[in-house]
Visitor: 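Please read through the structure below; I'll follow up with questions.
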Amino acid sequence: MDVGSRRWVLGFFLVTTILVSGCVQQQLPSSSTTDGASDGFKQGTTPPAYEATSLPAKEREATFSCENDHRIRKRAYVLLMGLGDHDKAVWNEEKRLMEQDPKADGILIYDQDENKHLQEISSLFLADLNQFLAEHDAEELVIFGSSAGGVTSSHAISKLNFSGPVALHTLASPLKGYGLTGPRAQYLGDRQGYLRDIAIGFEPFDSPPTNVKVYHHKTVTDSVLKAYCGPLAAFCDPIEVQDNNLAGSKEFFYPQYDHDTIMDGVIHEVLKCYNPALQEVLEEIRKVPKLGNFCTGEEECNDYCKNNYGRCKDYCNNNPSNPLCQKPFAFERPSGQPTEPLNGTLSRQEPTSNEPRSCEGNKTTFDYAPVNLEKTKLFLPLGLMSGSHVTPVDHHYFQNFDNQEADIEVYSPGDGFIESIGHMPGAPEGRDYRVVIVHTCTISSIFIHVETLAEKLATAVLSDGRTAYPRIPVRAGEVIGYYARNVDYNLVDEEITLPGFVVPSHYSGEDWKIHVPNTYDYFNEPVRSKLVAKSLRTAEPMQGKIDYDIDGKLVGNWFLEGTGGYAGKGTGVQEYWSGHLAIAYDYLDPERIVLSIAGYEGQDSKQFAVKGNAPEPATLGVRSGLVKYELVGYDYYAPDGSFWDRKSLVKDLKTRSEETVQGVVLFQLLEDRKLKMEVFPGKTAAQVSGFTQNAKTYER
C-alpha cells in the first residue's frame with residue numbers, strides 16, 4: 001500500500017510543529033507572490049484569502065527575530081513528525097540543512113505512534129530523547145515537532161531532563177484540540193488513541209522550566225485543521241484550535257501560509273538563526289524545481305513519483321508549466337534493462353525511443369512456492385476488503401500469526417532480477433520491505449512486508465529511505481528474505497488484462513492491478529496443490545477475485561467524482577483511498593454481498609453485509625431507481641458452527657450476518673458510470689426516505 005503525500009496526515013492532519021532552541025524568525029510578508037520561491041507556496045498558487053482585521057493589531061504586527069546564543073559550541077536537532085507521517089525521507093531536505101550547521105552534534109527524526117494516547121507517547125518520546133542526548137555532547141537542544149508533534153512536545157517539555165538552553169517551536173499545532181465533549185461527543189465516532197485525545201481536547205499544559213523558550217507559529221486559515229472537523233466545520237476556528245499556549249511563550253501568526261506550507265517557510269528561516277550561511281543555500285534550493293510539496297529536484301521526484309504515480313500525474317495535469325512536468329519521469333522513459341536474460345527467461349527489452357516496447361512476453365511457470373509452506377499456516381485469496389484496502393486487494397497473504405521471529409523463508413519462485421527494493425512507509429531501519437522481481441518480459445512477483453532481507457539484497461538498500469533499483473539476479477528457490485507473521489504476495493502478467501475493470505485508466509496509480517492473473521496457473525505440481533491446501537478459499541475461482549465491475553450496473557468499484565480514480569487526489573487530510581467505494585462479494589464466501597465504504601464515521605473504511613443479502617447489485621442499473629440497503633455486521637464460521645479465530649486453517653468458511661441494523665446506504669445510478677450515494681449511520685430503512693444535501697457522486 002502506498003502512502004500519502006508529503007506531510008499530510010493519515011486520516012487526520014499533518015501539522016508540522018517545530019521545536020527549535022533559541023532561534024526566532026522574522027514574520028514573513030503576507031503579499032501574494034506567485035512564483036512559489038519566497039513564500040513556500042506551490043508554484044502557480046497564491047496564499048489563501050485573509051481578513052486583516054481578523055486578529056488584534058498587536059498580534060498581526062508581532063515579529064519573530066533571532067535570539068540565538070552564538071557562544072554555544074554544540075547543539076542537537078530533534079524533529080517530531082506528525083500523526084500519520086511515518087516516512088522520514090520526506091524530511092531529508094530539512095535534515096541536510098541541519099547537517100550543514102557547523103555546530104550540529106546529532107540529529108533525530110522522531111516518529112510517534114498515533115495508536116497510543118498522549119501520555120504514553122510523551123513518555124516514550126522523553127525516554128528516547130534522553131537516550132539520544134546521552135549519546136551526544138550537545139550544549140543546546142533544537143527540537144522540531146510536526147503537527148501533533150507540537151502537542152507531544154508541549155506536553156513533554158516540562159519533564160525534559162536537560163539543563164542547557166532549549167527552544168520549542170510549534171507549527172500549526174492543535175494545542176487545544178477540538179473540544180468534542182458534551183453534546184459534541186457524538187462526533188467522536190470510532191477515533192482511538194491520539195486522534196481521540198486531540199478530538200476531545202487538552203487542558204493547559206504544565207509550564208516549561210526556565211531554560212526553555214517556547215515559540216508557537218500559527219496558521220490563520222488552515223484547510224487541514226478545518227477539514228478535520230467534518231460536520232462541525234462551521235464551528236471550527238483554526239486559531240482557536242491552536243490556542244493553548246505554554247506559559248511564557250511567544251506566538252506568531254502567518255496569514256500567507258496554509259497548514260502544509262508553513263513547514264518549509266518557517267523551518268528554513270529558523271535554521272538560518274543557527275547558521276546564517278544557509279541564506280545562500282536556501283536561495284539555491286529555491287531555484288531547484290519542486291513538485292508541489294511532494295519532492296524537490298528531478299532525482300528525488302523520479303523516485304517519489306514511481307511509487308506515487310497517480311498523485312504526480314494529477315499534480316502535473318493541474319500545473320503543466322512546472323519544469324518537472326515538461327518531460328516524462330525517468331521510469332516512464334526507456335531505461336536500461338539487463339542485456340542478457342537469465343537462463344533465457346528474462347526477455348524484457350526496452351526500445352530506444354518513446355515508442356511502446358515491442359517485447360513479446362514469455363510465459364513461465366514456477367517450481368518453488370514464494371515462501372516456506374511448511375512454516376506457513378494460511379494462504380489468503382485475492383479480494384480482501386479491510387482498512388485502507390477499500391476495494392478488493394490485488395495480493396495474497398501468507399500468514400502464521402503464532403510465529404514471533406522473522407525466520408520464515410521468502411523465496412524467489414523463479415529465475416529473474418530484483419527490480420526494486422524499498423522500505424515500507426514508516427518502517428524501522430533494516431525491516432519491512434517491498435521487493436519486486438521481474439521473471440520475464442511481462443511477468444513479475446511483488447512481495448510486500450518482507451521483514452528482513454537476505455544479505456545479497458540488504459547491501460543494495462539505500463540508507464536515505466529511497467527505493468533502490470539494483471537489477472540483482474536471483475535463481476528459482478533462492479532465499480530473498482524472511483517474514484514473521486505475514487507477507488503479501490502477488491503475480492503480475494502484463495499480457496493479461498482483467499475484464500472487470502470497465503475503465504482501466506482509473507488504476508494508473510497502481511497500473512499492475514488490472515494485470516493480476518490466476519495465481520495457481522503459474523505454479524507447477526506439487527507446489528500448486530500445496531498452495532491450494534493452505535488456502536482458506538474453496539469456492540471458484542479458487543484464487544479469489546478483485547474485478548467485479550459490470551458496465552451500467554451497481555456492482556464493482558467506484559471513485560468519488562473528481563478524485564482521479566484509484567490514485568485519489570492525495571491532498572488535504574484524505575489519503576488516496578478516501579474516495580473509494582466497493583460493492584462486491586466476500587473474499588471467502590462469495591455468496592455474501594459486501595459494501596466497503598471509505599471514511600465511514602471517520603474510519604479508513606468499514607465493511608458491511610446487507611440485511612437479507614439482497615437485492616443483487618449485479619442486476620441493478622439506471623432503471624432500478626433508488627436502492628436502499630440496511631447495513632449489518634457479519635463474521636465467519638466453520639462448517640461445525642464454531643467461530644473462526646482468523647488465524648487457523650479452516651476450510652469451507654461461511655459468513656453469518658447480524659440482526660442489528662447499523663445504518664442505511666442509498667444508491668442511485670444516474671448514468672451507466674455515475675452513481676449517487678449517501679450513508680446514514682445509526683438509521684434504519686424506515687427512518688430514511690431519500691437523499692439529502694450530504695449525498696456524494698461517484699464515477700467509473
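All values reported here derive from a predicted model rather than from experimental measurement.
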Visitor: Taking atom CG of Asn400 and atom CG of Leu373, what is their separation to the nearest 0.5 Å?
Guide: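 Between Asn400 CG and Leu373 CG, I get 11.5 Å after rounding to 0.5 Å.
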Visitor: Find the distance between NZ (Lys363) and CG (Asp521) and round it off to the nearest 0.5 Å.
Guide: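 The CG atom of Asp521 is 9.0 Å from NZ of Lys363, to the nearest 0.5 Å.
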Visitor: Evaluate the side chain to side chain contact (heavy atoms under 4.5 Å, CB included) criterion for residues Tyr637 and Phe643: first the C-alpha distance (whole Å), next the side-chain angles of each, then the deciding distance (0.1 Å), finally the verdict.
Guide: CA-CA 5 Å; Tyr637 292 84; Phe643 176 76; 4.0 Å; yes
Visitor: Do the side-chain N and O atoms of Asn557 and Tyr507 include a donor-acceptor pair separated by under 3.5 angstrom?
Guide: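 Note: Asn557 and Tyr507 side chains meet the donor-acceptor criterion.
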Visitor: Are the side chains of Ile437 and Phe447 in touch, meaning some heavy atoms are under 4.5 Å apart?
Guide: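 Sidechains of Phe447 and Ile437: in contact.
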Visitor: OG1/Thr655 to OH/Tyr634 distance, rounded to the nearest 0.5 angstrom?
Guide: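 Here the rounded value is 7.5 Å.
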Visitor: Distance only, no hydrogens: is a donor on one side chain within 3.5 Å (strictly under) of an acceptor on the other, for Ser605 and Gln607?
Guide: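 Their side chains do contain a donor-acceptor pair, which is all the 3.5 Å distance test asks for.
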Visitor: What's the verdict on side chain to side chain contact (heavy atoms under 4.5 Å, CB included) for Leu324 and Glu298, showing C-alpha distance, side-chain angles and the deciding distance?
Guide: CA-CA 7 Å; Leu324 292 173; Glu298 185 170 347; 4.2 Å; yes
Visitor: Would you say the side-chain atoms of Lys290 pair up with the backbone N or O of Asn322, donor to acceptor, closer than 3.5 Å?
Guide: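 Looks like no, no N/O pair under 3.5 Å.
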Visitor: Rounded to the nearest 0.5 Å, what's the gap from CG on Asp394 to NE2 on His515? Could you check?
Guide: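 So the gap between those two atoms works out to 12.0 Å.
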Visitor: Tell me the closest heavy-atom pair linking Leu498 and Val516, and the distance in Å.
Guide: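 Smallest heavy-atom distance, with atoms named: CD2-O, 3.3 Å.
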Visitor: Just by modelled atom types, is the Pro504 backbone N or O under 3.5 Å from a matching donor or acceptor in the Lys513 side chain?
Guide: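 Looks like no, no N/O pair under 3.5 Å.
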Visitor: I'd like to know if the side chain of Tyr629 and the backbone of Pro615 have a donor-acceptor N/O pair within less than 3.5 Å.
Guide: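 Indeed, once roles are kept as given, a pair shorter than 3.5 Å links the two residues.
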Visitor: Tell me whether the count of non-hydrogen atoms from other residues, nucleotides or ligands lying under 6.0 Å of NZ in Lys534 goes above 12.
Guide: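 Counting neighbours around NZ of Lys534, more than 12 heavy atoms of other residues, nucleotides or ligands fall under 6.0 Å, so yes.
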Visitor: Minimum heavy-atom separation for Ser420 and Pro470, please, with both atom names.
Guide: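 For Ser420 and Pro470, the tightest heavy-atom pair comes out as CA-CD, 4.2 Å.
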Visitor: Just to verify, what does Pro517 make a side chain to side chain contact (heavy atoms under 4.5 Å, CB included) with, not counting sequence neighbours?
Guide: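 Checked Pro517 against side chain to side chain contact (heavy atoms under 4.5 Å, CB included); matches are Leu491, Asp493, Ile496, Tyr522.
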Visitor: Is there a donor-acceptor pair closer than 3.5 Å between any side-chain N or O of Asn486 and the backbone N or O of Phe401?
Guide: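 No: the side chain of Asn486 does not pair with the backbone of Phe401.
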Visitor: Please report the closest heavy-atom contact between Ile593 and Asn613, naming both atoms and the distance.
Guide: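 Taking every non-hydrogen atom into account, N-OD1, 2.9 Å.
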Visitor: Testing the basics here: between Leu620 and Leu669, what is the closest heavy-atom pair and its distance to 0.1 Å?
Guide: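 Taking Leu620 first and Leu669 second, the nearest heavy atoms are O-CD1, 3.6 Å.
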Visitor: Is a side-chain N or O of Lys647 found less than 3.5 angstrom from the main chain of Gln399, in a donor-acceptor match?
Guide: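 Side chain of Lys647 to backbone of Gln399, a donor-acceptor pair under 3.5 Å: no, none is there.
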Visitor: I'd like to check the side chain to side chain contact (heavy atoms under 4.5 Å, CB included) partners of Asn115; sequence neighbours left out, ordered by chain and number.
Guide: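 Listed in chain order: Asp113.
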Visitor: Let me have the donor-acceptor pairs involving side chains of residues 376-386, under 3.5 Å, with sequence neighbours excluded, atom names and distances please.
Guide:
from, atom 1, to, atom 2, distance (Å)
Thr376, OG1, Asn372, O, 2.8
Thr376, OG1, Tyr483, OH, 2.8
Lys377, NZ, Asp402, OD2, 2.3

Visitor: Shortest non-hydrogen contact from Ile472 to Ala460?
Guide: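 That would be CD1-CB, 3.8 Å.
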Visitor: Output all residues satisfying side chain to side chain contact (heavy atoms under 4.5 Å, CB included) with Glu299, sequence neighbours left out; order by chain, then residue number.
Guide: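 Side chain to side chain contact (heavy atoms under 4.5 Å, CB included) check on Glu299 returns Arg466.
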Visitor: Check salt bridge (charged side-chain N to carboxylate O under 4.0 Å, His left out) between Lys375 and all other residues, then give those that pass, not counting sequence neighbours.
Guide: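 Lys375 satisfies salt bridge (charged side-chain N to carboxylate O under 4.0 Å, His left out) with Glu409 only.
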Visitor: Can you tell me how far CG of Asp415 sits from CZ of Phe366, rounded to the nearest 0.5 angstrom?
Guide: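 The CG atom of Asp415 is 9.5 Å from CZ of Phe366, to the nearest 0.5 Å.
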Visitor: Would you indicate whether the side-chain heavy atoms of Ile546 and Val393 approach each other to under 4.5 Å?
Guide: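 Heavy-atom side-chain distance check fails, nothing below 4.5 Å.
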Visitor: NE2 of His580 to OG1 of Thr391: how many Å apart, nearest 0.5 Å?
Guide: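 If we round to the nearest 0.5 Å, His580:NE2 and Thr391:OG1 are 6.0 Å apart.
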Visitor: Is it true that the side chains of Ser445 and Tyr489 contain a donor and an acceptor less than 3.5 Å apart?
Guide: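 Distance-only check passes for Ser445 and Tyr489.
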Visitor: Please test Leu536 against Leu653 for side chain to side chain contact (heavy atoms under 4.5 Å, CB included), starting from the C-alpha separation and ending with a verdict.
Guide: CA-CA 8 Å; Leu536 289 171; Leu653 287 165; 4.2 Å; yes
Visitor: Would the Tyr600 and Phe608 ring centres measure less than 6.0 Å apart?
Guide: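 Between Phe608 and Tyr600, which both carry aromatic rings, the centre distance is below 6.0 Å.
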Visitor: Taking atom OH of Tyr520 as the centre, report whether more than 12 heavy atoms of other residues, nucleotides or ligands fall under 6.0 Å from it.
Guide: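 Check passes, neighbour count above 12.
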Visitor: Between Tyr698 and Lys696, is there a cation-pi geometry (under 6.0 Å to ring centre, at most 45° from the normal)?
Guide: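 Pair Lys696/Tyr698 does not count as cation-pi.
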Visitor: Taking the inter-plane angle between the rings of Tyr566 and Tyr576 on a 0 to 90° scale, is it parallel (under 30°), tilted (30 to 60°) or perpendicular (over 60°)?
Guide: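 The rings of Tyr566 and Tyr576 sit tilted, inter-plane angle from 30° to 60°.
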Visitor: Please name all residues satisfying salt bridge (charged side-chain N to carboxylate O under 4.0 Å, His left out) with Arg592, sequence neighbours left out, ordered by chain then number.
Guide: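 Scan of Arg592 (salt bridge (charged side-chain N to carboxylate O under 4.0 Å, His left out), adjacent residues dropped) gives none.
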Visitor: Checking Ile448 against Met424 for the side chain to side chain contact (heavy atoms under 4.5 Å, CB included) test, could you report, in this order, the C-alpha distance in whole Å, the side-chain angles of both residues, the deciding distance, and whether it holds?
Guide: CA-CA 8 Å; Ile448 307 175; Met424 294 302 293; 3.5 Å; yes
Visitor: So does Val650 get a backbone contact from the side chain of Ser648, meaning a donor-acceptor N/O pair under 3.5 Å?
Guide: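 Here the side-chain-to-backbone pair does not exist.
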Visitor: Flag the pair His396 / Phe398 as yes when their ring centroid distance falls below 6.0 Å, and as no otherwise.
Guide: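 For His396 and Phe398, the ring centres are not under 6.0 Å apart.
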Visitor: Let's go through Asp586 and Tyr636 carefully: what are the C-alpha distance in whole Å and the side-chain angles of both, what is the deciding distance for side-chain hydrogen bond (donor to acceptor under 3.5 Å, both in side chains) to 0.1 Å, and is it a yes or a no?
Guide: CA-CA 10 Å; Asp586 184 72; Tyr636 300 91; 2.4 Å; yes
Visitor: What I'd like to find out is whether the side chain of Tyr411 reaches to under 4.5 Å of the side chain of Pro370, using heavy atoms alone.
Guide: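 Counting from C-beta outward, Tyr411 and Pro370 never come under 4.5 Å.
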Visitor: Hey, is Lys545 close enough to Asp547 for a salt bridge, meaning N to O under 4.0 Å?
Guide: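 Salt bridge: yes.
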Visitor: Any ion pair linking Glu699 and Arg673 (charged N to carboxylate O, less than 4.0 Å)?
Guide: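 Between Glu699 and Arg673 there is no salt bridge, as every charged N stays at least 4.0 Å from the carboxylate O atoms.
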Visitor: Any chance CD of Glu525 has more than 12 other-residue heavy atoms, nucleotides or ligands included, within less than 6.0 Å?
Guide: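 For Glu525, atom CD is crowded (more than 12 foreign heavy atoms under 6.0 Å).
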Visitor: Under a 4.0 Å threshold between the charged nitrogen and the carboxylate oxygen, would Arg646 count as salt-bridged to Asp635?
Guide: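 The answer is yes: the pair qualifies as a salt bridge.
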